[in-house]
Protein chains: 2
Amino acid sequence: MAMSLHLRQNSDMQCPMDGLLRMLMGPWTTYILWLIRSNGPQRFGQLRKQMPTISAKMLTERLRMLEEVGILHREQEETIPPKVTYSMTERGHDLNKVLDDLAKLAVKWDCPGAEKAAREKMPKKAS
Amino acid sequence: MAMSLHLRQNSDMQCPMDGLLRMLMGPWTTYILWLIRSNGPQRFGQLRKQMPTISAKMLTERLRMLEEVGILHREQEETIPPKVTYSMTERGHDLNKVLDDLAKLAVKWDCPGAEKAAREKMPKKAS
DNA sequence: GTAACTACTAACGAAAAAGTGCCTACTGGC
DNA sequence: GCCAGTAGGCACTTTTTCGTTAGTAGTTAC
């Protein structure tokens, strides 16, 4: 904790994207968004089945975070066993447009270079 | 390394964005791009001065990665002391358009929610 | 003659992130 | 009566990430 009383990285600097990127950056985040957009609102367990290697803890955490920033909506039925469904908010749809553009770029480039670098020099978990 | 012979997270799945996001996601990545776009080609030391809290190791690593995926161009003069200048490639400019959109979104939302969540539930370093 | 300058690299260690296993509550099927 | 099933929470362990320190080279300024 070298800089707790300092600039927190550059979040206090002039770049307004910081918060947004920090959110998208999280592991699995965009993959979750993609699943919900493609297949509609879904329950916790359904999402989990589509991401065989995610841990429950991680999935919970990501979903909670996406809810907190207002991108996903969480609907809970208090039955037992419980039933929780996640869907996109309006804000979520805003985001999808940008993500689409990003996806187009990814397809356009689709170079082995990116593949290679992704394996070596970048954070391990994305999507 | 639970799954080295397996799906590596979901990178082997259908999402083509994975590599691209893994790249943008890295700490400081977009901040570096922003600096170079705003102020033009720059040398290692100049960049460093503008990011007082980054370590040399980190900066080197990020720059190398951006070079590897073809977003930055690295030009080295073999003098001693050496002189290395980084500039944007064409591909880099492609990216900037999308990043601009992202920035617009960030400004549009600019909610305390994002701020708050950014502090708590997301990876520590972005920009 | 030595100290500073630049753009790094390698090795080490601390801190943060993520995985694992165990727990909950009530209902429904055997 | 017993076990499975849902959506997690909590504590503990492992993995990953990142900063710090030390070192490189030859020229130039003191």
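In what follows, chains carry the letters A, B, and so on, assigned in the order in which the sequence lines appear, proteins first and then strands, with residues in each chain numbered from 1.
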Which residue lies toward the 5' end of DNA chain D, A/K49 or B/A56, if each is placed at its nearest nucleotide?
A/K49
From B/L95 CG over to B/D100 CG, what is the distance, rounded to the nearest 0.5 angstrom?
10.0 Å
Sequence neighbours excluded, which residues qualify as salt bridge (charged side-chain N to carboxylate O under 4.0 Å, His left out) partners of B/K104?
B/D101
Results of side-chain contact (heavy atoms from CB on, under 4.5 Å) for B/D94 - residues two or more places apart only:
A/L105, A/K108, A/W109
What integer distance in Å separates A/L47:CG from D/dA7:C1'?
12 Å
Would one find a side-chain N or O of A/Y86 under 4.0 angstrom from OP1 or OP2 of D/dG8?
yes
What string of B, S and - do you get for nucleotides 21-30 of chain C 5' to 3' if you count protein non-hydrogen atoms under 4.0 Å?
-----BS---
Under 4.0 Å from OP1 or OP2 of C/dT6: is there any side-chain N or O of B/R43 that close?
no
Let me know the distance between CZ of A/F44 and P of D/dT6, rounded to the nearest Å.
11 Å
Shortest non-hydrogen separation from B/T30 to A/L21 and the atoms involved
OG1-CD1, 3.3 Å
May I ask you to test the B/L33-B/L72 pair for a side-chain heavy-atom distance under 4.5 Å?
yes
Taking atom C1' of D/dG8 as reference, at what distance in whole Å does atom CD of A/E78 sit?
12 Å
To the nearest angstrom, how far is A/R48 atom CZ from C/dT20 atom C1'?
12 Å
Whole-Å gap separating C1' (D/dT16) and CD (B/E61):
12 Å
Listing, residues 40-47 of chain B side-chain donor-acceptor contacts under 3.5 Å, not counting sequence neighbours, or none:
residue	atom	partner	partner atom	Å
B/Q42	OE1	B/Q50	NE2	2.5
B/Q42	NE2	B/L35	O	3.2
B/Q42	NE2	B/G40	O	3.1
B/Q46	OE1	B/R43	N	2.9

Quick note, B/R74 side chain, CB onward, closest among D/dA7, D/dT20, C/dA7 is C/dA7
Can you confirm whether A/E75 sits close enough to A/S87 that some side-chain heavy atom of one is under 4.5 Å from a side-chain heavy atom of the other?
no
Between atom CD in A/E77 and atom C1' in D/dG8, what is the gap in whole Å?
16 Å
Whole Å only: how far is the CG atom of A/L59 from the C1' atom of C/dT20?
16 Å
Could you give the angle between the helix axes at the two ends of the helix from C/dG1-D/dC30 to C/dC30-D/dG1, with five pairs per end, rounded to 10 degrees?
20°
Closest non-hydrogen contact found for A/M58 with A/P27 is SD-CG, 3.9 Å
Answer yes or no: is there a side-chain heavy-atom contact under 4.5 Å between A/M51 and A/W28?
yes
Phosphate oxygens OP1/OP2 of D/dG8: is one of them under 4.0 Å from a side-chain N or O of A/R62?
no
Between C/dA18, D/dG8, D/dT20, which nucleotide gets closest to the side-chain atoms of A/M58?
C/dA18
Under 4.0 angstrom between B/R64 side-chain N/O and C/dT9 OP1 or OP2:
yes
By side chain to side chain donor-acceptor pair (under 3.5 Å) - contacts of B/Q76 (at least two apart)
B/R74
In whole angstrom, give the distance that lies between atom CD1 of A/I54 and atom C1' of C/dG19.
11 Å
